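Some notes on the structure that comes next.
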Amino acid sequence: MPSKYAITVKNLKKSYGKTEVLKGVNLSVERGTMLALLGPNGAGKTTTVRIMSTLLKFDGGSVMIEGHDVSKEQDAVRNVIGLTGQSAAVDEMLTGRENLIMMGQLYRLTSKSAKARAEELLERFDLVKAANRPLKTYSGGMRRRLDLAVSLIATPPIIFLDEPTTGLDPRSRIAMWDIINELKKGRYDNSFDDSIPRRSRPACRSDRGD
Ligand SMILES: Nc1ncnc2c1ncn2[C@@H]1O[C@H](COP(=O)(O)OP(=O)(O)O)[C@@H](O)[C@H]1O
Ligand SMILES: [Mg+2]
């Protein structure tokens with residue numbers, strides 16, 4: 001029987017050089033739920049998210065994502081997750097809309113659904129007016145909103161959001177929470193990290209900072 005947990009982290013350890021950042025982290029996230037990792041700057045939240053999303057190697061323990069071992073099955077893990085901070089993959093010369101459609105197609109959406117999803121997200125993140133402008137003309141806040149839109153384009157079963165509302169204006173912050181709550185109500189699991197959570201429960205706190 002498949003586990004009821006989308007994410008299982010056991011005794012996770014990670015050091016940078018001599019600095020031990022994760023000293024045995026345990027986490028279980030049930031499907032269809034949200035988990036917020038709380039903690040001061042330097043507590044190790046981003047490190048944990050990067051490990052769970054296959055971007056960073058770890059020193060000890062185990063991490064299973066939808067039954068796949070992140071240290072052995074990176075491709076399988078990448079197929080079931082979405083991650084913010086994917087703007088590394090966007091193209092400065094393309095418009096906001098073109099970037100979203102391109103990312104949708106990269107995630108193997110049909111051209112029609114990529115376009116429909118792009119329009120929905122442009123609307124939600126207040127980017128309709130800027131949709132036809134190349135990314136290189138976007139302000140910092142607009143880039144941040146586009147980055148979040150990109151991470152939500154394909155709605156994979158698990159989404160990692162590292163500080164999803166940091167740097168957003170109030171309107172986009174509300175839009176972000178609306179989207180997160182919609183995803184939660186639907187069939188998706190969301191695992192995310194936000195240093196200033198307002199409406200998220202349950203929470204997992206890591207108190208040790210820098
Ligand atoms: N690439 C790195 N090399 C060395 N130390 C790092 C690196 N990345 C993060 N750290 C350190 O690891 C600790 C945890 O960082 P991070 O996971 O970014 O924390 P958080 O996201 O909770 O603010 C911090 O002390 C940070 O300075
Ligand atoms: Mg962080």
Side-chain angles (χ1 to χ4, degrees), residues 5-29 33-65 68-71 74 77-78 80-90 125 139-153 156 158-170 172-177 179-181 183-184 188-210:
Y5 296 109
I7 301 175
T8 313
V9 174
K10 285 190 185 147
N11 201 24
L12 178 63
K13 294 186 174 147
K14 171 71 185 173
S15 300
Y16 293 107
K18 285 187 184 147
T19 315
E20 199 181 18
V21 174
L22 304 179
K23 303 179 184 180
V25 171
N26 293 291
L27 280 181
S28 302
V29 186
T33 64
M34 280 198 265
L35 177 84
L37 280 182
L38 311 183
N41 287 338
K45 305 178 297 293
T46 296
T47 299
T48 307
V49 167
R50 286 176 60 79
I51 289 170
M52 292 191 292
S53 49
T54 76
L55 297 176
L56 189 64
K57 290 206 159 69
F58 53 99
D59 306 321
S62 69
V63 181
M64 302 296 288
I65 304 288
H68 304 292
D69 185 333
V70 295
S71 57
Q74 283 94 349
V77 171
R78 284 174 197 157
V80 293
I81 64 169
L83 176 69
T84 54
Q86 288 176 327
S87 58
V90 299
F125 284 101
S139 68
M142 289 159 74
R143 276 167 188 277
R144 179 92 189 106
R145 302 204 298 276
L146 189 84
D147 173 44
L148 290 167
V150 162
S151 69
L152 297 171
I153 194 118
I158 297 174
I159 301 175
F160 294 109
L161 302 169
D162 194 349
E163 304 210 20
T165 57
T166 303
L168 293 183
D169 56 44
S172 305
R173 195 175 274 247
I174 291 166
M176 189 68 211
W177 280 111
I179 289 174
I180 290 169
N181 281 316
L183 289 167
K184 185 170 167 273
Y188 304 112
D189 305 322
N190 310 281
S191 175
F192 70 97
D193 161 8
D194 185 353
S195 289
I196 322 164
R198 301 217 174 267
R199 304 188 220 159
S200 55
R201 293 287 183 274
C204 211
R205 187 175 289 277
S206 56
D207 276 328
R208 191 170 294 228
D210 287 318

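Read the numbers this way: they start at 1 and go in the same order the structure lists the ligands and their atoms. Computed from a predicted structure; not experimentally measured.
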So, D162 side chain and T46 main chain: donor-acceptor pair closer than 3.5 Å or not? no

Under 3.5 Å, is there a donor-acceptor pair between the side chain of N181 and the main chain of W177?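 Checking the backbone N and O of W177 against the side chain of N181, a donor-acceptor pair under 3.5 Å is found.
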
Report the residue from L12, T48, V25 that forms a side-chain contact (heavy atoms from CB on, under 4.5 Å) with F58.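 In the set L12, T48, V25, the residue that makes a side-chain contact (heavy atoms from CB on, under 4.5 Å) with F58 is L12.
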
So do L27 and L37 actually touch side chain to side chain, heavy atoms under 4.5 Å?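 Contact flag for L37/L27 side chains = yes.
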
For ligand 1, is there an N or O atom under 3.5 Å from any N or O atom of T47? yes

Check this for me - ligand 1, V21, N or O atoms closer than 3.5 angstrom, yes or no?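 No, there is no polar N/O contact under 3.5 Å.
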
[X]: numbered ligand 1 atoms lying under 4.0 Å from its heavy atoms:
X: A43; result: 19 (O), 20 (P), 22 (O)
X: T46; result: 17 (O), 18 (O), 20 (P), 21 (O)
X: N41; result: 23 (O)

Closest approach of P156 and I81, non-hydrogen atoms and distance? CG-C, 3.5 Å

Heavy-atom closest pair, residues R144 and L168: CG-CD2, 3.6 Å

Let me check your reading of the structure: within less than 2.8 Å of the Mg ion (ligand 2), is there an N/O/S atom from T46?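 An N, O or S atom of T46 is closer than 2.8 Å to the Mg ion (ligand 2), so yes.
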
Close approach, G39 and ligand 1, non-hydrogen under 4.0 angstrom: no

